[in-house]
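Reading through the structure tokens given below for one structure.
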Amino acid sequence: MSNLNHLQGKTALVTGSTSGIGLGIAQALAQAGANIVEAFPVEKWDDILAINLTSSFHTIRHALPGMRARNWGRIVNIASVHGLVGSAGKSAYVAAKHGLVGLTKVTALETAGTGVTCNAICPGFVLTPLVAQQIADIAARDGISTEAAQARLLADKQPSGQFVTPRQLGGIVTMLCSPLGDEVRGAAWAADGGWTAQ
């Protein structure tokens, strides 16, 4: 092979890389310059699904009997644009949010003949502490200002170039909880600055 480091700067995900065939492949890729990444930690997968999917299931499970008894209730799950589309490197989060959109649809169907509705909101980028850290990381990595890093992050996915605000999301929730939302059932409402319109 003419260039022994032809994978320099590339990252390889190799499952089963601690022995046998997987180990041999991981070693060969590492010798070619690739950064090797072990399987996604099971505990991390379980934590992400617990926070982003299982907690909603248990909340619905506990709240729904009372809502059914009163023949009225509003369930609004906060999913994500990642409940509608995927992004590389976010397997557990995307799986959890897709699951939450699915749970929303099933709950809506199971309550369709009642005064209970269930919907999901799927926000794009909101300026949360996690997103603020991503912006700081981009700024530090690329040696640019925070404003330029913010613009770069948004330009990559969110065509409006603006963050979705918590107040905007609150307005959608309020509408879904009002009589205007009586027949909005099982919707996955994208509030994403055009992300999913692409």
Side-chain angles (χ1 to χ4, degrees), residues 40 42-132 134 150 153-198:
F40 194 81
V42 174
E43 314 77 46
K44 186 82 169 164
W45 174 275
D46 292 342
D47 289 347
I48 290 173
L49 263 66
I51 292 165
N52 293 288
L53 177 58
T54 306
S55 62
S56 293
F57 165 75
H58 288 299
T59 302
I60 292 168
R61 181 175 66 87
H62 288 295
L64 198 51
M67 290 179 173
R68 284 185 186 275
R70 289 184 297 279
N71 197 36
W72 194 92
R74 296 292 184 262
I75 300 167
V76 182
N77 293 313
I78 305 303
S80 166
V81 68
H82 285 110
L84 304 172
V85 298
S87 286
K90 297 184 178 192
S91 59
Y93 186 76
V94 169
K97 293 302 186 177
H98 269 72
L100 186 54
V101 169
L103 176 63
T104 297
K105 291 178 179 182
V106 171
T107 304
L109 290 172
E110 291 177 352
T111 59
T114 73
V116 178
T117 67
C118 184
N119 294 286
I121 300 175
C122 301
F125 282 121
V126 178
L127 191 53
T128 62
L130 181 62
V131 172
Q134 287 180 288
Q150 178 176 306
L153 176 72
L154 290 169
D156 186 41
K157 300 282 188 178
Q158 202 148 302
S160 70
Q162 302 297 316
F163 287 107
V164 179
T165 68
R167 183 174 181 167
Q168 291 164 339
L169 298 176
I172 297 168
V173 171
T174 300
M175 186 281 295
L176 291 172
C177 292
S178 78
L180 295 173
D182 284 353
E183 290 305 317
V184 182
R185 296 169 182 267
W189 190 302
D192 61 7
W195 187 325
T196 55
Q198 302 178 81

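- Considering every non-hydrogen atom in both Asn52 and Leu100, the closest pair reads O-CD2, 3.7 Å.
- Pairs passing the salt bridge (Lys or Arg N to Asp or Glu O under 4.0 Å) check and including a residue from residues 88-100, sequence neighbours excluded, do not occur.
- The closest side-chain heavy-atom distance from Ile78 to Leu169 is not below 4.5 Å.
- With sequence neighbours left out, the side chain to side chain donor-acceptor pair (under 3.5 Å) criterion links Thr107 to no other residue.
- Residues forming a salt bridge (charged side-chain N to carboxylate O under 4.0 Å, His left out) with Asp182 (at least two apart in sequence, or on another chain): Arg74.
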### Message
The test is side chain to side chain contact (heavy atoms under 4.5 Å, CB included); show your working for Thr59 and Ile75 and say whether it passes.
### Response
CA-CA 10 Å; Thr59 302; Ile75 300 167; over 6 Å; no
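- Listed by chain and residue number, Trp45 satisfy the side-chain contact (heavy atoms from CB on, under 4.5 Å) test with Ala95 (two or more places apart in sequence, or in another chain).
- With values rounded to the nearest 0.5 angstrom, Phe57 atom CZ is found 13.5 Å from Leu49 atom CG.
- Remark: Gln168 engages Thr165 in a side chain to side chain donor-acceptor pair (under 3.5 Å) (not counting sequence neighbours).
- Here the straight-line distance linking atom CG of Asp47 with atom CD1 of Ile51 works out to 6.0 Å at 0.5 Å rounding.
- Between Ala190 and Leu84, the shortest heavy-atom distance links the atoms CB-CD1, 4.1 Å.
- Heavy-atom minimum distance, Ala79 versus Cys122: CB-SG, 3.9 Å.
- To the nearest 0.5 angstrom, Cys177 atom SG is 12.0 Å from Ile172 atom CD1.
- Of all non-hydrogen atoms in Asn77 and Cys118, the two that sit nearest each other are ND2-SG, 3.8 Å.
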Mind listing the side-chain donor-acceptor pairs of residues 62-71 below 3.5 Å, one per line with the distance, residues two or more places apart or on another chain?
residue, atom, partner, partner atom, Å
Arg68, NH2, Glu110, O, 3.3
Arg70, NH1, Gly66, O, 3.3
Asn71, OD1, Gly115, N, 3.0

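- Every residue meeting the side chain to side chain donor-acceptor pair (under 3.5 Å) condition with Arg61, not counting sequence neighbours, appears here in chain and number order: His58.
- Applying the ring-ring contact (aromatic ring centres under 6.0 Å, His included) test to every pair with at least one member in residues 91-118, sequence neighbours left out, gives these pairs: His82-Tyr93.
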### Query
Run the side chain to side chain contact (heavy atoms under 4.5 Å, CB included) check on Ile121 and Val173 step by step: do they pass?
CA-CA 8 Å; Ile121 300 175; Val173 171; 3.4 Å; yes
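- Among residues two or more places apart in sequence or in another chain, the side-chain contact (heavy atoms from CB on, under 4.5 Å) test is passed with Leu180 by Met175, Ser178.
- Atoms OG1 and CD1, from Thr54 and Ile48 in turn, are 12.0 Å apart once rounded to the nearest 0.5 Å.
- The side-chain contact (heavy atoms from CB on, under 4.5 Å) check on Lys157 picks up Ser87, Phe125, Trp195, with sequence neighbours excluded.
- Judged as a side chain to side chain donor-acceptor pair (under 3.5 Å), and not counting sequence neighbours, the contacts of Thr196 are Asp192.
- The distance from the CG atom of Leu176 to the CG atom of Asn119 is 5.0 Å, given to the nearest 0.5 Å.
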